[in-house]
Number of protein chains: 2
Amino acid sequence: MSRRDRPAKPALTREGVIATATALVREEGAGRLTMRRLAQRLDTGPASLYVYVRDTAELQAAVLGEFLGAVDLTPAATAGEWTGRVRRIVDSYTGVLLAHPSLARVAVVTRPSGPHYLALIESLLVVLGEGGMPDDRAAWTVDLLLLVATASAAEHGTRREEDGAEEAADDALAESLRGAPADRYPRLAALAGELLSGEGPDRAGWFVDLVLVGAAGTPRP
Amino acid sequence: MSRRDRPAKPALTREGVIATATALVREEGAGRLTMRRLAQRLDTGPASLYVYVRDTAELQAAVLGEFLGAVDLTPAATAGEWTGRVRRIVDSYTGVLLAHPSLARVAVVTRPSGPHYLALIESLLVVLGEGGMPDDRAAWTVDLLLLVATASAAEHGTRREEDGAEEAADDALAESLRGAPADRYPRLAALAGELLSGEGPDRAGWFVDLVLVGAAGTPRP
DNA sequence: ACCTGAACACCGTTCAAGT
DNA sequence: ACCTGAACACCGTTCAAGT
């Protein structure tokens with residue numbers, strides 16, 4: 001099919017670039033989001049993208065922010081007892097990341113941009129405030145909740161995806177924990193099973209509960 | 001200086017490769033650790049390195065493990081009340097990462113390999129056990145402590161290093177938080193200052209205290 | 001058997017030169 | 001003024017061919 005047979009190449013806009021980037025990530029994974037591949041989808045050269053985004057990091061942040069639109073912040077999802085509401089919001093966030101494991105790996109390193117990220121923070125601040133948490137503590141607690149959720153999604157997502165290289169890294173860890181000499185590392189040898197145990201969601205859920213209990217009991221310095 | 005003037009090229013070994021990689025990271029930062037650059041330092045082609053390491057991820061894990069040798073696990077550092085001992089071990093770990101900020105960014109994504117990492121886990125398990133924490137909880141708590149310490153070191157390290165691109169990303173976050181419209185995001189607008197506040201060590205220290213308080217009060221599922 | 005030159009298949013980003 | 005072809009300066013990894 002030649003250039004002439006297709007509809008006229010649409011003018012580029014920042015929104016269009018980011019929408020196409022989001023589609024690319026959805027279809028092929030975040031690992032395939034590169035300036036060159038994105039440019040190809042948009043039928044231009046990579047240089048043209050720099051008119052709309054500063055660099056790859058900014059592009060990733062925007063795509064991440066786009067995905068956060070799927071986090072459920074509706075009142076129905078956030079009804080009930082406050083700890084449960086925090087839990088459901090964080091679970092929804094985790095779910096979005098786990099649905100696209102490569103995305104979680106981006107999120108550990110890149111802060112999302114855009115309104116959905118702000119809305120997520122806002123919702124958590126509101127619920128924590130309604131739970132009676134002092135403002136200064138609530139702010140840092142939101143930070144910690146998202147940090148923990150992101151990191152454990154990245155870890156669990158990696159384990160599920162198993163794309164060869166990461167499977168190897170995983171096996172290496174398990175092997176070095178399980179193979180640790182009991183004379184030099186007695187506690188580790190005894191607890192290797194526990195260290196490696198837990199489905200991602202169980203562990204992540206426990207982490208979130210722990211953060212809420214800890215935050216309630218730890219005044220800010 | 002020609003090839004003949006230098007001492008004979010030493011035979012490669014895995015240890016030598018990793019030692020040179022560690023020196024490279026110490027001198028130029030983890031961002032400069034590439035197969036090609038490492039090969040250049042070792043006076044070979046990149047292909048030769050694949051005899052000693054599986055791939056870049058394994059190399060990074062090994063270098064990370066090497067750096068963990070600087071974490072202070074001596075009895076003197078781990079004396080006193082148990083929460084303080086945990087705190088000092090984690091602080092020492094954080095200190096190592098903050099001394100080489102680019103390293104912290106590697107650590108969020110890569111598990112260290114080697115004996116120093118095992119020794120770190122062992123020490124934490126021992127202290128938590130002596131503090132009376134049940135085994136199953138202690139295992140997951142160690143995980144969470146290292147996860148939190150690593151992630152906050154990466155964030156704070158990035159802020160300090162300010163290498164242009166990351167400064168931009170930082171500014172973008174601060175700007176979007178501070179510029180959030182107060183009508184749509186009232187809590188966020190009120191707490192933007194708090195969200196961005198805190199020197200890395202203050203925040204990381206609070207996180208660690210919180211995890212210990214939370215772990216003490218949250219039974220495993 | 002061990003090692004590696006050269007190639008393959010990619011990257012991000014810049015900037016001079018075009019329209 | 002806006003856009004982009006082509007170039008610059010890199011990557012990781014593989015494998016056929018050498019010693």
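Because the structure is predicted, anything quoted here is derived from the model rather than measured. Hydrogens, waters and symmetry mates are skipped; everything else that's a heavy atom, side chains included, is used. Throughout, a chain's letter reflects where its sequence line sits, starting with A, and its residues are numbered from 1.
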Next item on the list: With rounding to the nearest 0.5 Å, note down the distance linking CZ in A:Arg137 to CH2 in B:Trp206.
Entry: 7.0 Å
Notebook entry, point to check: Partners of A:Glu122 by side chain to side chain contact (heavy atoms under 4.5 Å, CB included), sequence neighbours excluded?
Noted result: A:Val126, B:Tyr185, B:Pro186, B:Arg187, B:Leu188
Check: Mind checking what makes ring pair (Phe, Tyr, Trp, His ring centres under 6.0 Å) contact with A:Phe67, not counting sequence neighbours?
Finding: A:His100
Notebook entry, point to check: Rounded to the nearest Å, what distance is computed from the CG atom of residue B:Leu49 to the C1' atom of nucleotide C:dC3?
Noted result: 12 Å
Check: CG of A:Leu195 to CG of A:Leu177: how many Å apart, nearest 0.5 Å?
Finding: 6.0 Å
Check: When the distance from CD of A:Gln40 to C1' of C:dC10 is rounded to whole Å, what number comes out?
Finding: 12 Å
Next item on the list: With P as the reference atom in both, quote the distance from C:dA9 to D:dA9 in angstrom, rounded to an integer.
Entry: 24 Å
Show which side-chain atoms of residues 113-120 of chain B pair as donor or acceptor with protein atoms under 3.5 Å away, not counting sequence neighbours.
from, atom 1, to, atom 2, distance (Å)
B:Ser113, OG, B:Ala61, O, 3.4
B:Ser113, OG, B:Ala62, N, 3.4
B:Tyr117, OH, B:Arg111, NH1, 2.8

Checklist line | Separation of atom CG in A:Leu12 from atom P in D:dT4, rounded to whole Å | finding: 7 Å
Note to self: Taking salt bridge (Lys or Arg N to Asp or Glu O under 4.0 Å) as the cut-off, I'd like each qualifying pair that reaches into residues 56-68 of chain A, sequence neighbours left out, listed once.
What the structure shows: A:Arg14-A:Glu58
Item checked: Base-pairing string, 5' to 3', of DNA chain D - Watson-Crick or wobble, under 3.5 Å, | interstrand -> ||.|||||...|||||.||
Atom pairs, N/O to N/O, protein against nucleotides 11-14 of chain C, distance under 3.5 Å?
from, atom 1, to, atom 2, distance (Å)
C:dC11, OP1, A:Thr34, OG1, 3.3
C:dC11, OP1, A:Arg37, NE, 3.3
C:dC11, OP1, A:Arg37, NH2, 2.5
C:dG12, OP1, A:Met35, N, 3.1
C:dG12, OP2, A:Met35, N, 3.2
C:dG12, OP2, A:Arg36, N, 3.4
C:dG12, N7, A:Arg36, NH1, 2.6
C:dG12, O6, A:Arg36, NH1, 2.7
C:dT13, OP2, A:Tyr50, OH, 2.8
C:dT13, OP2, A:Thr56, N, 3.2
C:dT13, OP2, A:Thr56, OG1, 3.1
C:dT13, O5', A:Tyr50, OH, 3.2

Next item on the list: May I ask you to decide if B:Leu173's main-chain N or O and B:Ser176's side chain share a donor-acceptor pair within less than 3.5 Å?
Entry: yes
Notebook entry, point to check: What's the spacing between B:Gln40 CD and B:Thr20 OG1 if we round to 0.5 Å?
Noted result: 13.0 Å
